[in-house]
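In what follows, a structure is listed as structure tokens, so that the remarks can point back to it.
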Amino acid sequence: MKRTLSQSERVAWLQLARTPRIGPLTFHGLLARFGSASAALDALPRLGDHAPPPRERIYAELQALDDMGAALLASCEPAYPALLAQLDAPPPTLAVRGDATQLKSRAIALVGSREGSAAALMFCERLAADLGAAGFTIVSGLARGVDAAAHRGALKTGTVAVLAGGLDHP
């Protein structure tokens with residue numbers, strides 16, 4: 001069921017998601033078992049050696065996102081990408097900066113070598129432009145080479161950069 005988190009729920013979601021040894025599968029299992037991230041956090045001491053990060057660190061992370069014009073999106077929220085949410089264990093949270101409506105578009109990922117040939121980069125840029133013109137959002141990392149060519153080609157029509165290390169670690 002899609003719903004928007006309150007600020008206190010958002011803090012609990014991020015705190016649970018940032019707890020060492022709590023990956024997406026365990027995160028969603030805890031939510032199913034305890035009904036909320038807050039209840040799951042309360043239960044952690046009884047479940048083993050799980051020490052969630054202090055709330056101050058979570059508040060600082062949320063403030064840093066706000067300072068850079070970004071927001072935290074939880075997998076239960078309506079703006080979360082529908083296809084990503086269909087995974088058995090989707091990432092509990094995404095940091096989003098820019099036009100989040102791009103996350104709802106039909107998308108194609110273009111990825112490849114950081115050291116692509118000039119011909120490969122030109123081809124990728126043209127392919128991204130053509131796919132964008134056909135209504136697709138281009139998704140890629142932010143590495144040099146093919147990723148950068150894909151984004152250049154799709155700038156006019158829509159592009160999404162995926163950063164595994166977070167918005168502050170491109």
Side-chain angles (χ1 to χ4, degrees), residues 1-19 22-28 30-32 35-38 40-41 52-53 55 57-112 124-125 127-170:
M1 181 171 99
K2 293 289 184 187
R3 64 189 178 90
T4 301
L5 296 178
S6 68
Q7 184 61 17
S8 63
E9 289 175 310
R10 189 170 308 286
V11 168
W13 266 63
L14 187 55
Q15 189 175 23
L16 184 60
R18 295 292 185 257
T19 300
I22 302 285
L25 188 62
T26 302
F27 178 93
H28 291 289
L30 290 169
L31 281 185
S36 72
S38 294
L41 286 166
R55 286 200 173 227
R57 188 178 314 156
I58 301 305
Y59 292 131
E61 182 175 342
L62 290 170
Q63 184 61 54
L65 286 172
D66 190 54
D67 290 348
M68 69 173 76
L72 188 77
L73 189 58
S75 61
C76 68
E77 295 186 298
Y80 195 89
L83 289 175
L84 190 58
Q86 289 179 17
L87 293 174
D88 289 337
T93 61
L94 299 175
V96 178
R97 183 175 171 207
D99 181 6
T101 62
Q102 293 293 326
L103 300 174
K104 293 292 188 182
S105 304
R106 295 184 312 156
I108 292 180
L110 292 177
V111 296
C124 183
E125 190 169 336
L127 179 62
D130 290 348
L131 288 167
F136 290 94
T137 295
I138 300 303
V139 179
S140 195
L142 271 184
R144 66 181 181 269
V146 169
D147 290 7
H151 291 300
R152 276 193 309 274
L155 280 175
K156 291 180 182 174
T157 57
T159 181
V160 172
V162 177
L163 302 168
L167 295 177
D168 56 345
H169 294 94

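Residue indices begin at 1 and follow the sequence shown.
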Do [X] and [Y] touch side chain to side chain, with heavy atoms closer than 4.5 Å?
X: V111; Y: D147; result: yes
X: R3; Y: L5; result: yes
X: T19; Y: T26; result: no
X: I58; Y: P53; result: yes
X: E61; Y: R18; result: yes

Determine whether a donor-acceptor pair (N or O, by modelled atom type, separation under 3.5 Å) exists between the side chain of [X] and the backbone of [Y].
X: H151; Y: G141; value: yes
X: S140; Y: L110; value: yes
X: Q102; Y: D99; value: no

If you round to the nearest 0.5 Å, how far is [atom2] of [Y] from [atom1] of [X]?
X: L62; Y: L72; atom1: CG; atom2: CG; result: 6.0 Å
X: E77; Y: R10; atom1: CD; atom2: CZ; result: 4.0 Å
X: L73; Y: Y80; atom1: CG; atom2: OH; result: 7.5 Å

With [X] via side-chain hydrogen bond (donor to acceptor under 3.5 Å, both in side chains) - residues at least two apart:
X: S8; result: S6
X: Q7; result: none
X: H28; result: none
X: S75; result: none

Smallest separation among heavy atoms of [X] and [Y], with atom names:
X: P78; Y: T4; result: CD-OG1, 3.8 Å
X: Q15; Y: L41; result: OE1-CD1, 3.3 Å
X: A40; Y: L16; result: CB-CD2, 3.8 Å

Please, which pairs that meet salt bridge (charged side-chain N to carboxylate O under 4.0 Å, His left out) have at least one residue in residues 151-167, sequence neighbours excluded?
-> E125-R152

Does CG in L25 sit with more than 12 non-hydrogen atoms of other residues, nucleotides or ligands closer than 6.0 Å?
->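 Not buried by this count: 12 neighbours or fewer within 6.0 Å.
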
Show me, pair by pair, the donor-acceptor contacts under 3.5 angstrom made by side chains of residues 85-97, not counting sequence neighbours?
unit_1	atom_1	unit_2	atom_2	d
R97	NE	M68	O	3.0

